[in-house]
Every structure is written in C-alpha cells, then in structure tokens.
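Please read these numbers as outputs of a predicted model, since none were measured by experiment. Heavy-atom basis, side chains included; hydrogens, waters and symmetry copies ignored.
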Amino acid sequence: MSTPYPFTAIVGQDDLRLGLLLNAVSPAVGGVLVRGEKGTAKSTAVRALAALVPEVSVVPGCRFSCDPASPDPACPDGPHETGPGVSRAARTVELPVGASEDRLVGALDIERALAEGVKAFEPGLLADAHRGILYVDEVNLLHDHLVDLLLDAAAMGASYVEREGVSVRHAARFLLVGTMNPEEGELRPQLLDRFGLTVEVAASRETDLRVEVVRRRLAYDDDPAGFAARWADEEGALRARITAARALLPEVRLGDGALRQIAATCAAFEVDGMRADIVMARTATALAAWAGRTDVLAEDVRQAALLALPHRRRRNPFDAPGLDEDKLDDTLEQNSGEDGDPDPDGPGGGGRPPQGDGPGTPPQPEGESGDTSAPSVPEQGQGQGQDREQEPGRAQSSGGGEQQPVGAAEPFRTKMLSVPGLGEGAAGRRSRARTEHGRTTGARRPQGALTKLHLAATVQAAAPHQRARGRSGRGLVLRRDDLRQATREGREGNLVLFVVDASGSMAARQRMSAVKGAVLSLLLDAYQRRDKVGLVTFRGKEADVALPPTSSVDAAAARLETLPTGGRTPVAAGLLKAHDVLRVERMRDPSRRPLLVVVTDGRATGGPEPVALAARAARLHEATGIASVVVDCESGPVRLGLAGDLARHLGGSAVTLDELRAESIAGLVKDVQTSSRRAA
C-alpha cells in the first residue's frame with residue numbers, strides 16, 4: 001500500500017483543510033464540496049484525511065461494518081450479538097465517475113430471490129464507506145440519478161435496494177467529500193444544497209508558497225515513507241486534536257444569541273429552505289469544539305456562514321459564487337449581544353487548522369499530477385482586448401470596424417428543443433432515449449448482467465416449461481434463459497452547438513444585446529437539461545471556436561458576454577467550422593446526438609457568391625442528418641428571408657428573434673426537423 005501524503009504537510013489551502021477537519025470532528029455537518037482548478041491539492045487533502053480519522057470498532061466478519069456496541073438490527077449479515085469487536089482504520093472509499101448503480105448501492109441476485117426466496121445481496125460502495133469516508137472525485141460529472149442515490153443515503157444514513165418486490169436495507173453513514181472543477185460543469189442547485197459545506201480552492205500566486213509546494217512534493221516523491229516519518233509528530237498531534245474535539249462536541253452550548261445570528265444571516269442572504277440554518281448551527285458547534293471551547297461565539301457563526309452559505313445562494317449557473325463579507329459582518333453585528341463579545345483577535349481566529357513548517361502553510365500537490373500552474377487565459381476569438389473608445393457613429397457601421405462587446409439582455413425561459421428519434425446518449429432531460437431509468441416500454445434477453453428485471457416477461461418465458469422441469473410445489477422453476485431485461489425510455493442530454501453571427505451588421509442595428517440574451521436563455525436551458533454546449537462565432541473573414549464542447553455552461557456564458565462584434569458576415573465559414581467541431585465530437589462521444597443552433601440574419605457577405613457558399617455549407621450538415629434550428633435576427637420593414645432559406649438548406653427550422661421570446665416557440669422546438677424526416 002502506498003504511503004499517503006501527510007495532511008499537515010499541505011501548504012496553504014486553509015479553508016479546504018478546515019472544511020475537512022470540521023467534518024472529521026462532526027460528520028453531522030453533512031460533508032464538504034471542494035471546488036477549484038486542477039492541481040490544487042483537492043484529491044491529496046481528501047486522501048490524507050483518512051490517516052487522521054480515528055479507528056472504528058466493527059463486528060467481526062460483518063460486511064457492513066456494524067458497531068459491536070450497537071449493531072444495526074436490520075443488517076443483512078445480522079442479527080449480531082452485542083459484544084467485543086475488532087478495531088481497524090476508517091476506510092476511504094472512492095466512487096469512480098463511471099460507476100454503475102449496482103456498484104454504488106449493491107446488487108441483489110434476482111434469480112435466487114425469485115426461485116429460492118432468499119435475499120442474496122452483494123454490498124456496494126455505500127456499504128464499504130459506512131463509518132468512513134466516501135470520496136467522489138469530479139462529482140459534477142456523475143450521472144444525476146447516482147448523485148441522487150448518494151445524497152439520499154448521506155441524508156438518511158441508510159441505503160435501500162428495491163428490486164421487483166425484494167428489499168434490502170443497511171446503514172450507510174459516512175463523511176461525504178466531493179471535488180470538482182467548475183470549468184467542467186456545475187451541479188444543480190438542488191444537489192449543491194445537499195452538501196453541508198463548500199470551499200473554493202486555487203493555486204497560490206505567491207512565489208515563496210509555490211516554491212515550498214514544489215520542494216515538499218519532490219521530497220515526497222523521492223522518499224514517501226521518509227517524508228511521512230518527518231511529519232509523524234504533526235500528524236499525531238492533529239489526530240489527537242480531532243479526538244479531543246469529538247469528545248468535547250456534546251458539551252458545546254449553542255446559545256439563543258448564536259441561534260439568532262444564524263437565523264438572521266440565512267434570512268439576510270435569502271437562502272432557500274432551512275437546511276442552511278441547521279448546517280450552520282452544526283458547523284458553528286464543531287468550530288467551537290475544534291477551538292477547545294464549550295460556547296459558540298460570533299466568530300464561529302461567521303466562519304460557519306463562509307463555509308455553509310456561498311453555494312446555497314446561487315440561483316442559476318451564471319451567478320458568481322461567494323458571500324458579501326461586509327453584509328455578513330453587518331448582519332452579525334445587528335444581531336449580537338446575547339452570548340458575549342466576539343474574540344478580540346477578530347472573526348475566524350479560533351477555527352483555523354494548525355500550520356505546518358516552512359514559509360506559509362502546507363502542500364498543494366494534486367496527487368499524481370502535482371500541477372500548480374496558473375490557469376491559462378481563455379481565448380476570446382478575434383477582436384479580444386478591443387476596448388478602446390469608438391468614433392461617434394462608427395458603432396452604427398456595418399463595415400469592418402471592431403466594436404466593444406455589449407451586455408446581454410435579460411435571459412428568459414425558453415421552451416424545450418429536442419432532437420427527433422430515439423437516442424442512446426448520456427442521461428439528461430432533453431431528447432427521447434433508451435436509458436436505464438424511465439418508463440418501461442418492453443423486454444428483451446439480458447446482454448451481460450441483469451440490471452432491470454421485467455417480471456411479467458420472465459414469468460411468461462418460464463411458464464411453458466414448468467411441467468418439463470418437474471415442478472411439484474408452489475415455487476417457480478426458473479432458469480437463466482427465462483430472465484428478461486426491461487427496456488426503458490427516458491431522456492438524454494445532447495450536444496448543443498451554438499453558431500453565433502458576430503458581424504458588424506448585428507451590432508449596427510443594435511440587435512446584439514437581444515441576441516446575447518436569447519443565447520444566454522438557451523444556455524440556461526441547456527444547463528437545466530444536462531447538455532454539453534459549444535460556441536462557434538463568425539465575423540470578418542473567418543470563424544472561431546470560442547468554446548469547445550464542454551459541460552461548463554457558465555464558461556459559455558462568460559465567453560458570450562465578452563464577445564466582440566464587427567466586420568463582414570462569413571456564414572459559410574461559421575457552418576464549416578461547426579461541421580469540423582461536430583465531426584471531432586462524433587468520434588469522441590458517438591452516442592451523444594448534436595443539435596445545431598445558428599443565430600444570424602443570414603446576410604452572408606465577403607468573397608464571391610457568399611450566399612451560395614453558405615447554402616452549400618448548410619447542405620453539408622443536412623447530408624449528415626444534424627438536427628438544426630436557425631434563429632432569424634433580421635429586423636426592419638424590409639426582410640430578405642435569407643435566414644429562412646438557410647434553415648431550409650440545413651434541413652431544419654427557422655424562428656425569428658421575437659418568436660423565440662414568445663410561447664409560439666413551442667411549435668418549433670418540439671419537432672426540430674432533420675433532412676431524414678423531411679424526406680419521409
């Protein structure tokens with residue numbers, strides 16, 4: 001077994017370490033979600049925490065880690081007698097992004113359950129993590145139904161497996177830690193709320209700290225055991241402090257004054273529901289125990305708010321996370337006075353974890369990669385940085401002058417766009433697809449392990465053979481060949497590729513703000529439906545991939561906000577660039593079906609026969625059967641209808657910008673046409 005990196009040797013990342021330690025002191029806090037760029041010690045810190053969590057006593061031979069002092073009466077391996085147990089280290093169980101539902105919650109042997117009436121149950125990762133740590137790296141990339149199962153188990157402290165009337169329940173209490181890179185997509189607000197705390201991490205920009213990170217990482221890589229031995233005393237002291245804080249926790253008093261501050265803070269920041277209040281109360285209590293106190297002070301409430309509230313304030317993926325600390329201080333001051341004066345050292349002074357040796361604090365090595373480089377500056381396409389003042393009247397020109405980016409209009413709710421037919425892509429909420437979850441539409445012979453039994457079809461397949469199999473009692477004589485897998489239909493997520501006209505003609509008629517507002521609205525819809533999104537822009541003489549396909553919808557919104565305009569309208573270049581992007585994505589993820597959304601007035605300019613060239617590029621998409629919508633941005637009393645012609649060449653549908661905002665969009669988006677359907 002490899003030697004983990006010492007927790008106390010991690011440089012900096014105070015909030016990350018504090019969030020993990022508070023959960024180690026009080027698992028009732030509800031876990032922690034760690035958000036941050038790659039190479040910031042997220043995985044390293046979580047794996048290092050396992051060595052600090054006190055050992056647990058378990059019933060010998062129990063696969064579900066029952067406590068011998070109070071064994072679970074419903075344990076599938078029980079019943080257990082109360083008695084001495086065996087001690088072992090608390091487990092750290094990692095949930096892979098590609099895990100199946102059976103691997104997470106466990107699996108029942110359906111064949112034995114039906115034929116023999118026994119509950120043959122194979123435990124999953126939730127059982128392995130009981131009384132330990134469950135670590136989910138890239139939690140934002142997990143399928144939604146797995147996240148739901150995971151968080152339900154964390155909230156209830158138990159896992160339930162239900163299959164065709166056969167039920168198994170077992171205890172599942174664990175410290176839940178999730179890590180994610182926001183650039184790869186966000187969690188839904190409902191799921192964010194289920195994590196007790198959240199911390200934002202980033203690599204330090206201070207030279208001395210970065211030097212110390214590299215120095216310690218290299219020393220660890222050269223001699224892991226020797227490096228860990230040099231930090232053994234600090235690790236032992238921190239382990240003892242966790243044990244002492246756990247023992248002190250039941251004695252901590254949460255007075256009415258602190259409760260009033262907690263309630264007032266949650267009300268002031270308009271968080272939904274009451275979970276935030278409860279989490280803040282538990283966190284403040286854990287902070288007091290961590291500081292060795294039996295009374296909760298204002299500084300504990302303040303630190304608890306900074307950890308428990310930022311992720312609960314986000315109403316949509318375009319809201320920046322964070323908390324207004326001036327407003328927080330004002331709220332606490334207005335509701336203080338019943339529990340004594342705050343610590344003279346200032347808010348947050350008693351809740352920090354102990355610091356390590358060396359300049360600053362300990363490391364940011366990110367497990368295997370150790371990447372602590374600064375994030376690259378995203379490309380914004382042609383015209384980036386053109387923020388200088390424009391000449392009066394130039395913004396009205398449709399020529400080649402570049403113009404400052406304009407802000408987006410207020411986003412609005414759109415109707416659902418969907419790709420026709422039946423797909424088999426990643427789980428989502430947009431187009432019809434064959435999925436593991438959804439309504440049952442039929443049955444088939446299982447290919448591999450049986451996951452969803454179709455009971456009626458199984459009984460029907462076995463019934464004609466009962467006499468030949470010598471059935472004599474009430475039980476059904478079942479063979480493997482009789483089993484039938486249920487086929488189900490649900491919804492999938494798609495790849496929505498936006499191709500946006502950023503030419504001078506769009507800005508000349510003051511339409512770009514409305515266009516950005518419309519695209520922003522569609523991006524919000526894509527976020528809610530769990531799609532991947534991409535952004536291609538065209539202007540001047542060429543097209544640019546402003547954002548390669550990604551699950552980070554907020555990254556697409558950021559690129560859209562800074563999108564400059566100006567120049568001619570190379571529609572063909574935009575469509576050809578989109579064709580290249582879709583071709584590459586088809587090789588990377590062939591099961592995810594694309595939806596092309598072209599936002600333009602269709603007035604192609606530049607080069608010989610630009611309109612005819614755009615039509616030929618559009619027919620290239622039609623030939624590949626890509627579902628498409630053209631959002632017609634043309635305005636004014638005289639309209640050429642070029643966007644509608646472009647939609648016909650694409651084999652799709654067109655809608656005006658005004659119609660996109662109206663309820664009439666429903667007729668368009670529910671039946672996005674493709675060339676194959678038009679031919680039929």
Side-chain angles (χ1 to χ4, degrees), residues 38 181-185 317-318 375-386 402-403 405 408 417 493-504 506-507 512 515-516 518-520 522-523 526-527 531-590 592-600 604 606-607 610 613-614 616-618 620-621 624 626-631 633 646 650 652:
K38 57 186 178 293
N181 184 344
E183 293 178 356
E184 297 173 338
F318 311 139
S376 59
V377 178
E379 294 182 3
Q380 297 295 344
Q382 192 175 359
Q384 173 68 16
Q386 302 293 333
E402 293 182 353
Q403 300 148 28
L417 290 85
N494 297 109
L495 166 59
V496 182
L497 182 62
F498 294 93
V499 181
V500 180
D501 184 346
S503 64
M506 301 293 287
M512 203 59 199
V515 168
K516 286 187 176 182
V519 178
L520 200 63
L522 293 170
L523 282 171
Y527 163 78
D531 295 314
K532 290 179 69 174
V533 297
L535 180 62
V536 172
T537 64
F538 58 91
R539 67 190 187 96
K541 297 181 179 180
E542 59 186 20
D544 294 309
V545 180
L547 184 71
T550 176
S551 296
S552 180
V553 176
D554 52 344
R559 302 293 173 87
L560 181 72
E561 189 68 24
T562 58
L563 179 66
T565 58
R568 297 186 180 275
T569 312
V571 177
L575 294 176
L576 292 174
K577 182 68 73 174
H579 184 269
D580 290 341
V581 171
L582 294 177
R583 176 178 55 81
V584 173
E585 277 301 304
R586 193 178 300 115
M587 292 187 288
R588 288 177 178 170
D589 190 358
R592 189 181 289 269
R593 297 186 295 163
L595 173 64
L596 184 68
V597 179
V598 184
V599 185
T600 182
L613 189 61
R616 288 198 295 272
L620 192 60
H621 286 278
T624 57
I626 301 296
S628 60
V629 173
V630 176
V631 179
C633 301
L646 183 65
L650 284 167

Where do [X] and [Y] come nearest, in terms of heavy atoms and distance?
X	Y	result
A543	K577	O-CE, 3.5 Å
L650	S628	CB-OG, 3.5 Å
A555	L547	C-CD2, 4.1 Å
L596	A578	CD1-CB, 4.0 Å
V533	A556	CG2-CB, 4.0 Å
A502	P564	CB-O, 3.6 Å

Can you tell me how far apart [atom1] ([X]) and [atom2] ([Y]) are? Round to the nearest 0.5 Å.
X	Y	atom1	atom2	value
K532	L595	NZ	CG	14.5 Å
L535	T550	CG	OG1	11.5 Å
R586	I626	CZ	CD1	5.0 Å
R539	D501	CZ	CG	11.0 Å

Going by heavy atoms in the side chains, are [X] and [Y] under 4.5 Å from each other?
X	Y	value
V597	V519	no
R559	T537	no
L563	V500	yes
D544	E542	yes
L646	L575	yes
L497	P594	no
C633	V599	yes
F498	L560	no

Query raised in the report: Looking only at atom types and distance, does a side-chain atom of N494 sit under 3.5 Å from a main-chain N or O of R593, one as donor and one as acceptor?
Result: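 Here the side-chain-to-backbone pair exists.
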Query raised in the report: Is R568 reaching over with its side chain to a backbone N or O of G606, donor-acceptor style, under 3.5 angstrom?
Result: no
